[in-house]
Every structure is written in structure tokens, then in C-alpha cells.
Amino acid sequence: MSDFIRDMVREDLGNNKHGGRVATRFPPEPNGYLHIGHAKSICLNFGIAQEFNGVCHLRMDDTNPTTEDIEYVNAIMHDVRWLGFDWKEKMFYASDYFGRLHQFAVELIQLGKAYVCDLSPEEMIRYRGAPDVPGQESPFRNRTVAENLDLFERMRQGEYADGAKVLRAKIDMNSPNIHMRDPAIYRIRRGHHYRTGDRWCIYPMYDFAHCLSDSVEGITHSICTLEFEVHRPLYDWILDALKTPCHPQQIEFARLNLSFTVMSKRKLLQMVEEGLVSGWDDPRMPTIAGLRRRGCTPEAIRHFARRIGVTKYNGLTDVALLEHSLREDLNRRARRVMAVLKPLKVVLTNYPEGKTEELEAVNNPEDPAAGTRQVPFSRVLYIERDDFMEIPPKKFFRLFPGNEVRLRYAYIIKCESVVKNAAGEVEEVHCTIDPESKSGGATSGRKIKSTIHWVSAAHALDAEVRLYDRLFTVEQPDADPERDFKTFMNPKSLEVGRAKLEPSLAGAQPLEPYQFERLGYFCADNRDSQPDKLVFNRTVGLRDAWAKEMIKG
RNA sequence: UGCCGAAUGGUGUAACGGUAGCACAACAGACUCUGGAUCUGUUUGUCAUGGUUCAAAUCCAUGUUCGGCAGCCA
């Protein structure tokens, strides 16, 4: 593979920059579940490590006790593993470095490059200036090393209230880069940390913790998203100011934006907390857990990640590309079965009552090794309501009065009459079969325009099916800061129905992919499906040329 | 209008001074016991203007547009 980051890694390897070593890291903050955007980063970081014979660390960037939780740590580890990556023994926590980070801060003070500042948050904002207005130096900027050391120690001891003081790097209040205007590197925050408990009341800021964690771990290439580009001078300044084990190279790439979804953890959390979705793993969510529950495979995500590439251009990727990757993978591996989502009863008037035949059906035409199975056939069947029309439009090849269709793996049938209910709706269709037309039979070669799926009414399994559609109705739900993204949520993103399934589905394992022929890919829900109460999720529909024809009118 | 960055078909990307290619999408056709899959073909592109060069998406200049940055979040 090749992209600008791999090119840089190759070049560094060629120059023996890190002694031939490649070490990357994936550093999530455990304050939410991983999403498809993280998957891009995971594939990048772990992928580079694999390709260049290096290592990739998994590091929890847990420097903010108020938002982080062990639940997220466990979910993150599960998701990364599920995606197919292995960090071996390289599991780290920024919180494990708190002692060392504190020592680094002390050294920075001793170097005269950091000071304790008593400005309130509001005052700090005022002193910082603006992008085009230089900042002002804090009145506390010139405290002595001894005074700063004492104050910082007392911060650590808990002598001051949250927010009363902050440790700042002493850089340049006139810098055109706001991140260099004496950024805060340690703040007082009395929150119970999910790992270190109440041991600390001061916590390092991202800019301070991240570069030093990278250095401590011997990271060679620290890959992050574009918004950190302006932080790079600070990343480098801190590592240059201190005596550190090594100086990793920060490289920025464009985060993934997917059409018809939102990708910010804050917004995803909001939907979870407000009950707009059933949880982080709601199958409509772009989270790894949601995609998994929906029936998405790790291979599909990895192929998708490969296809979208890595650049510094902040674009918008079409979800259709994800769906394509998914269908491509599922087409290869999913067992075909017959299921009817909107049942319409069909009676075969010239087929003996009480008779049952077992017909042979192919499990996967893409994979002969998947073999065949038997499907029961009898006089009363269910077919898809959409496969029948009393008055067909042109180009409708399916069942209508007087027309013939093939029942997949079974007979050719002809529609003879319909039975309607009081409301005038078609309730039952009466057909006759061509007894010689069974697959393999004498007249089975007859050219019939259409083949439809069916299930035998007497043998059918009942199941709940959950049909998912995109969560939002517009390409970029969060594009307009004036408009709440939630107002664009798709009211039809979930439709629940009752389906009739062929009996072989009785043993379907959760998340095992199936293709319901002519409908789409489905899997049993990993939370709600029980052997006696089946629940199937639609992963993604099949491409549908007929639906497209209908849209065209 | 301060700093940093980016601009290649509808979308995502490749081409590293030498034929603008690939994938998705769209469209048309072939095939089909899935209107699926597969196969074939078609449409659409180098932000602009100058310059350097035999030759520029690529190098230079100017401009335009878009994104990011003013948390004691990451």
C-alpha cells in the first residue's frame, strides 16, 4: 500500500532514522465507543505496523477523570480485536504515566520553562488574545523557579480549589499560533479517576501528556487527525525542552466523514443519552459495536478503509462505498435462504393437500463448498406481497393474473384467480403448478421471466425482522451550526415487521450472515434473538434494479 | 482581514516533469431458476490566471475557494 504517511515511514526507514524501528499507536480516550472513523485510524496505525514489521500500541488517553470510564476501555479493546488487530503485550494507559509526567512538569519548571498561574479561566481567555490579536503576559509569568516548584507541589497536595491555579508552559504570548501562547499543561481537577482513583487532584493536559507518552513508549510515528496540525509546534517544543527518550514525528491525516451520519463522539453520546437510539450498539449507529450488531464484518470495514485511502483533504465519503464493501464481502460468504417479509398466501389448487416435498436448494452460488440443503414445499405457501400485483405496470415480470413465474427451486406456477377481503384487498392468490416444471423436470427449461422466493406456510418459522435505513435524511446532518443535527433524524430509520422463514433458519447463530434471497443480508440479533423468538436485523439490502426502475417512473 | 493546511469527474483516490488511471455512483447492454452476483460498454475531471520547459495535475508567481485553530476537552 502507498499513501503519504507510508511514504514518510519508508523514507525514514531508508534513512535509518529510528534505527529501522517502526512504532505507531492508537490512542483513544475512553469516553465513548469507537466508530467507523476510528476504524480508519486503527487500520492505518496497525496496518503500518504490520507492513513495516513494527509494533502498534493501544493506549488509553485517559487524562480527564470526569468523562472516562472502564466500560469504554473494555468496549474499545473488544472492538479493536474484533476488527482483527492485535496489540500483543503493548497495552498502555496515559494514567500509568502520571508519576512520570508530573516529574517532567517539575523539570520544566526547573528549566524555567513553566510557571504556576493564578489567572481565572475567564482572565486566561482575555489574556490569550485572538488569532489576529497578540496575547498579554500573565502577571504571574515571572515567578521564581523556587516559588513555582513550591506552588506546583501545593497544587498536587490539594491546597487549592479546582481551577484556582494552573501550570503553564512559558513559551510566547505573541506567537501567531495560539497553542504556543503559554498553554496550560496541568490543571486541578478533583474527580474520581477510573484507574488512579483519588490519588491525584492535578491532571496533565492533552498537549503535555500526549507527546511525552509517545516518547516514553518509543513511538516513531505519531499519527493523528488534521485538527492537531496546529498543535505540532507545541508537541515538538515540549519534547525539545525536556530530556526525553526519543522524539516521535507527529503526522496528521484527514478524519473520515461519512454521508448521512454524524461522527462526533459527543453527538453519538447525546443520541444514546436522549434515548434516540437504543444504545451505543444500536444497529443504526456508525459505531463499531453498532455496525457489528447490524451484521457488518471486519473484513468489509478493512476493505472500506483501504478504499478510502489516507490524505490531508477533508472530504465527505459516500456511505454507498461502505455499503458496497459490505455487499461485496457478504455476497462471498453469506448462506442463501428464503424468507418472506410481507407474506401473501398462495394456494396451489392442483397440488395435493397434505403432500410435502423436500426440494434441494443451493446454499451459496458463490461458494460450491457451502453445499445444499432441503427446503419443504407444500400446497399453501407465502410469497412476498411485492411480488404480486393485480394490475401490473409495464416491465413488471412477477406474478399477476394469467402470468407465470418460477418458484425458486420448485415449480412454475400460473396465477388463476385472487381472493379479496371485505376491504377489497387481495388476501389470497390461487395458482396452478406445472407439475413437470420442477427444477430438473421435463418442462423446467421453459423460459420464465421471473423467479420469486417463497416459504411453505405449514413449515414456516415466525420471526421479527428489523429493517434499518440511514439514521439521517440529509448528507451532512451537522453541517449547519445553527440547526440541531437531531432535527434531521430519519423517522423511518427502523421498521419492525413479522416475517416467515424457511425452517433451516431455526439454528441461526447471532451475527452469522445470511442472504434472504432477493431481499438483502440479514443476521440474528446478538442481544434479542432467542431460539424460540427469532429476531433478525437487515444488514443491508440487495441492489434492487426494480426499485430503481420504479423511482424512474 | 493572524497562523496552519488542502484543492484532480457526482464521491473517494492514483499519476512524484513524459498517454490523466482506479474504485464507488450513474447510465446502457449481455447473462441469469436471486430484477442479486458476474461480464461488456458509456458519460463526467486537473480551482483560476500568468510564467519556466520540447513537454506541467506535477515546478514558480499571483489570486480564488474550502477546512482547522481563540477548553483549565481530546
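Here the structure is a predicted model, which means the values were calculated and not measured. All chains are named by letter (A, B, ...) in the order of the sequence lines, taking the proteins before the strands, and each is independently numbered beginning at 1.
Nucleotides B/rG68 and B/rG12 place their P atoms 15 Å apart, quoted to the nearest Å. B/rA14 and B/rU64: their C1' atoms are spaced 26 Å apart (whole Å).
Side-chain N/O atoms of A/His324 include one lying less than 4.0 angstrom from OP1 or OP2 on B/rC24.
Applying salt bridge (Lys or Arg N to Asp or Glu O under 4.0 Å) to A/Arg333 and the options A/Glu328, A/Glu299, A/Glu366 leaves one that passes, A/Glu299. When each of A/Ile301, A/Asp79, A/Thr297 is tested with A/Leu291 by the rule side-chain contact (heavy atoms from CB on, under 4.5 Å), just one qualifies, namely A/Ile301.
A residue-by-residue look at A/Phe4 and A/Tyr521 shows that A/Phe4 has its nearest nucleotide of RNA chain B further toward the 5' end. RNA chain B is contacted by both A/Val133 and A/Gly315; A/Val133 maps to the nucleotide lying nearer its 5′ end (nearest heavy atom per residue).
Within 4.0 Å of A/Lys265, counting heavy atoms only, lies no atom of the nucleic acid at all.
A/Phe516 and A/Phe522 have their aromatic ring centers within a separation under 6.0 angstrom. Taking the ring centroids of A/Phe397 and A/Trp546, they lie at or beyond the 6.0 Å cut-off. Taking the ring centroids of A/His324 and A/Phe304, they lie at or beyond the 6.0 Å cut-off.
Checking A/Gln515 against A/Tyr521 by side-chain atom types alone, a donor-acceptor pair falls below 3.5 Å. A donor-acceptor pair shorter than 3.5 Å can be found between the side chains of A/Arg336 and A/Asn364.
Helical stems in RNA chain B, defined as runs of 3 or more consecutive Watson-Crick or G-U wobble pairs with both donor-acceptor distances under 3.5 Å, are listed by first residue as B:2-7 with B:64-69, B:10-13 with B:21-24, B:26-30 with B:38-42, B:47-51 with B:59-63.
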Report summary line: Per-nucleotide protein contact along nucleotides 64-74 of chain B, 5' to 3', at a 4.0 Å heavy-atom cut-off (B base, S sugar-phosphate only, - neither), is ---SBSBSBSB
